[in-house]
Amino acid sequence: MGTPHNEAAKGEIARVVLMPGDPLRARHIAQTYLQDIQPFNTIRGMLGFTGTYKGVPVSVMGSGMGIPSIGIYSYELFTTYDVDVIIRIGSCGAYAPERHVFDVVLADSAYSESTYALTMSGDENMIQFPAMDVNACILDQALALGIRVDPIRFHSSDVFYNGIEQPKADAIALGCQIVEMESFGLFHNANVCGKKAACLCTVSDSFVYEDEIATPQQREQNFDAMMRLALESAIA
Ligand code: HPA
């Protein structure tokens, strides 16, 4: 039937899944944007829902925080539930001065010091890539919706509370403009499973402008442009 972490029956999850980190945001997205929603998972509170957007089935499920967590959930979605595409819709911190709170950014690559890809499949590459055709679709939809989205390199970090500066400096030297904690694992899983993934993030805080901070309520509710973009891309 299901997996140790997902009680959905096969067939209850759509071929495209949107994954915010926060399961409560998954519920908010389902309740706000989807019709005919059916919950499919409550194990560990990692809520998932399938509904329709403009008549097309779409699922939304929390990923949890960090590469290990999205690594588990996305692998099971790709392999047990025959999901074809996962679009992560997350938040991130800005490294680069040209990135401001509430900007929407798209990963064109994800750099990480994480050993996830090495441990999972012997892949020593520290840069993993999304599905370029999904990215192209997202950029087309962004143009149609009039939403500015810049494709940039993400730092997918294992550490939120850094005690040292070097990892951030290394990531910036490799061209990373923002930091989040999941896309590297998601992209690796998609590539290993022969599936597709992309990652959109809204900038929630900045390392450059420390007064630019989104409130928790804004984090949960105000990412409307990114959600519309992800949903239109999911059904395109
Ligand atoms: N670091 C890592 N992940 C994040 C951040 C951050 O500052 N902000 C949002 N996600």
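Just follow the structure's listing: the first ligand is 1, and inside any ligand the first atom is 1.
- Between D205 and ligand 1, an N or O atom pair is found at a separation short of 3.5 Å.
- Listed by number with element, the atoms of ligand 1 under 4.0 angstrom from any heavy atom of S204 are 8 (N), 9 (C).
- Within the listing of ligand 1, atoms 7 (O) sit less than 4.0 angstrom from a heavy atom of F207.
- Atom numbering of ligand 1 starts at 1 in the shown order; those under 4.0 Å from a heavy atom of M181 are 2 (C), 3 (N).
- Distances from ligand 1 to the non-hydrogen atoms of C92 include at least one value under 4.0 Å.
- One N or O on the side chain of N191 and one on the backbone of F129 form a donor-acceptor pair closer than 3.5 Å.
- A donor atom on one side chain and an acceptor atom on the other are found under 3.5 Å apart for H155 and Y95.
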CA sep, side-chain torsions, deciding dist, call: K10, D82, salt bridge (charged side-chain N to carboxylate O under 4.0 Å, His left out)
CA-CA 8 Å; K10 284 187 196 234; D82 298 328; 5.6 Å; no
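- The closest donor-acceptor contact from the side chain of N135 to the backbone of A107 lies under 3.5 Å.
- The neighbour count for K195 NZ, taken as heavy atoms of other residues, nucleotides or ligands under 6.0 Å away, is above 12.
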